[in-house]
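When reading the values below, keep in mind they use all heavy atoms of this one structure, side chains included, and skip hydrogens, waters and symmetry mates.
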Amino acid sequence: QVQLVESGGGLVQAGGSLRLSCAASGRTFNIYAMAWFRQAPGKEREFVAAVSWSGDSTYYTDSVKGRFTISRDNARNTVYLQMNSLKPEDTAVYYCARRPGALLPSLPTEYKYWGQGTQVTVSS
């Protein structure tokens with residue numbers, strides 16, 4: 001099994017920045033994609049960003065393009081989400097997810113492993 005542990009969440013004012021980390025342990029695959037999702041109270045879990053095994057391919061939801069950057073360090077089995085220019089509407093629990101293979105889907109059902117989530121709160 002694969003375990004994913006997120007960290008780096010917290011409370012920040014609008015316009016501020018946070019960097020989320022997700023460390024993976026356990027069984028590893030030769031090639032796997034990593035992604036970040038978020039879920040605000042009363043809303044469905046939504047896709048934020050994904051990165052390929054090599055890090056060369058990334059994919060973002062429109063609302064975070066230009067503000068968020070996803071990256072990974074395979075030597076450390078860690079994926080990051082740098083969040084800049086944060087807005088109150090970015091407030092949510094952020095989850096990292098992992099799936100084997102090279103595709104970067106945006107549906108939560110396409111991902112096999114999930115972390116427990118880390119809370120991000122952006123005050124206005």
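- Using a 4.5 Å cut-off on side-chain heavy atoms (C-beta onward), Tyr80 and Asp73 make contact.
- Electrostatic pairing of Asp90 and Lys87 does not count as a salt bridge here, judged by no charged N lying under 4.0 Å from a carboxylate O.
- Annotation for Ser124 and Ala14: closest pair CA-CB, 4.4 Å, computed over non-hydrogen atoms.
- Grouping the Ile, Leu, Val, Met, Phe, Trp and Tyr side chains by contacts below 4.5 angstrom, directly or via other members, places Ile70 apart from Leu107.
- Note that the CE atom of Met34 and the OG1 atom of Thr78 stand 8.5 Å from one another [nearest 0.5 Å].
- A cation-pi arrangement is absent between Arg99 and Tyr113, since the terminal nitrogen or guanidinium carbon is not both under 6.0 Å from the aromatic centre and inside a 45° cone about the axis.
- A donor-acceptor distance shorter than 3.5 angstrom exists from the side chain of Ser52 to the backbone of Ser57, with no hydrogens or angles considered.
- Applying the ring-ring contact (aromatic ring centres under 6.0 Å, His included) test to Phe37 and every residue at least two apart in sequence or in another chain returns Phe47, Tyr111, Trp114.
- Both tests do not hold together for Arg67 against Tyr60: distance to the six-membered ring centre under 6.0 Å, angle to the ring axis within 45°.
- Looking only at side-chain heavy atoms (C-beta outward), Gln82 and Ser71 stay at 4.5 Å or farther from each other.
- Side-chain contact between Tyr94 and Met83 is present, with heavy atoms from C-beta onward closer than 4.5 Å.
- Without hydrogens or angle criteria, Asn74 side chain to Trp53 main chain gives a donor-acceptor distance under 3.5 Å.
- In this structure, Ser85 and Ser17 approach most closely via the heavy-atom pair N-OG, 4.4 Å.
- Hydrophobic side-chain contacts under 4.5 Å tie Val5 to no other Ile, Leu, Val, Met, Phe, Trp or Tyr residue.
- Here the side chain of Thr91 pairs a donor or acceptor atom with the backbone of Val122 at under 3.5 angstrom.
- In this structure, Tyr59 contributes its side chain and Ser106 its backbone to no donor-acceptor pair below 3.5 Å.
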query: Should Thr121 and Val12 be marked as a side-chain contact (heavy atoms from CB on, under 4.5 Å) after you check the CA-CA gap, both sets of side-chain angles, and the distance that decides it?
result: CA-CA 6 Å; Thr121 303; Val12 64; over 6 Å; no
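- Listed for the Glu6 side chain is a donor-acceptor partner under 3.5 Å among the backbone atoms of Gln116.
- Summarising the geometry, atom CD belonging to Gln1 is positioned 7.0 Å from atom NZ belonging to Lys112; distances are rounded to the nearest 0.5 Å.
- Between Leu81 and Val48, the closest side-chain pair of non-hydrogen atoms falls below 4.5 Å.
- A cation-pi contact, defined as under 6.0 Å to the ring centre and within 45° of the axis, is absent between Arg38 and Tyr95.
- Annotation: the span from Arg72 atom CZ to Cys22 atom SG amounts to 10.0 Å, rounded to 0.5 Å.
- Val51 places none of its side-chain heavy atoms less than 4.5 Å from the side chain of Leu104.
- Of all the heavy atoms in Ala40 and Ala92, the pair that sits closest is N-CB, 3.8 Å.
- In this structure, the separation between CG on Leu4 and OG on Ser25 is 7.5 Å, given to the nearest 0.5 Å.
- A heavy-atom distance below 4.5 Å is found between the side chains of Leu20 and Thr118.
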